[in-house]
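Shown next, in structure tokens, is the structure this report addresses.
Just so it is clear, the model here is predicted, and its values are computed rather than measured. The first residue of the sequence shown is numbered 1, and numbering continues consecutively from there.
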Amino acid sequence: MQKDCSIFPIPSFAKREVDDFDAPSQESLEIYQELNAIAEEIEKCRLRNS
């Protein structure tokens with residue numbers, strides 16, 4: 001039997017689920033600051049060596 005092709009499903013425009021992140025802790029802020037400092041140091045080395 002053939003599939004009913006007279007019905008065309010339309011995608012929903014409902015909002016996508018969004019992750020609910022907690023406020024950053026002091027420890028995670030320190031980690032991000034350290035990673036940012038490392039990234040800045042790497043960028044300085046790249047600029048110096050280019």
Side-chain angles (χ1 to χ4, degrees):
M1 183 171 198
Q2 275 189 324
K3 193 167 110 177
D4 183 5
C5 293
S6 63
I7 300 173
F8 300 102
I10 299 174
S12 170
F13 291 104
K15 289 185 178 181
R16 294 184 301 166
E17 291 183 24
V18 178
D19 292 328
D20 186 18
F21 293 105
D22 291 335
S25 67
Q26 184 62 33
E27 182 180 342
S28 65
L29 286 176
E30 290 171 1
I31 292 170
Y32 288 124
Q33 288 171 345
E34 181 69 22
L35 290 172
N36 194 32
I38 292 169
E40 288 174 359
E41 190 66 29
I42 291 171
E43 185 64 21
K44 286 179 189 175
C45 290
R46 275 193 196 145
L47 292 173
R48 195 173 1 157
N49 293 326
S50 59

* Sort and list the pairs that fulfil salt bridge (charged side-chain N to carboxylate O under 4.0 Å, His left out) and have at least one residue in residues 23-40, not counting sequence neighbours. =>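 Of all non-adjacent pairs touching residues 23-40, none passes salt bridge (charged side-chain N to carboxylate O under 4.0 Å, His left out).
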* Asked: Taking only residues two or more places apart in sequence or in another chain, which ones pass salt bridge (charged side-chain N to carboxylate O under 4.0 Å, His left out) with Arg48?
  ->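 In terms of salt bridge (charged side-chain N to carboxylate O under 4.0 Å, His left out), with neighbours along the sequence ignored, Arg48 is linked to no residue.
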* To do: Output the rest of the hydrophobic cluster of Ile42: all Ile, Leu, Val, Met, Phe, Trp and Tyr residues reachable through side-chain heavy-atom contacts under 4.5 Å, sorted by chain and number.
  =>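 Its cluster partners, ordered by chain and number, are Ile38.
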* To do: Mind checking the OG-CD1 spacing from Ser25 to Ile31? Nearest 0.5 Å is all I need.
  =>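 Here the rounded value is 7.5 Å.
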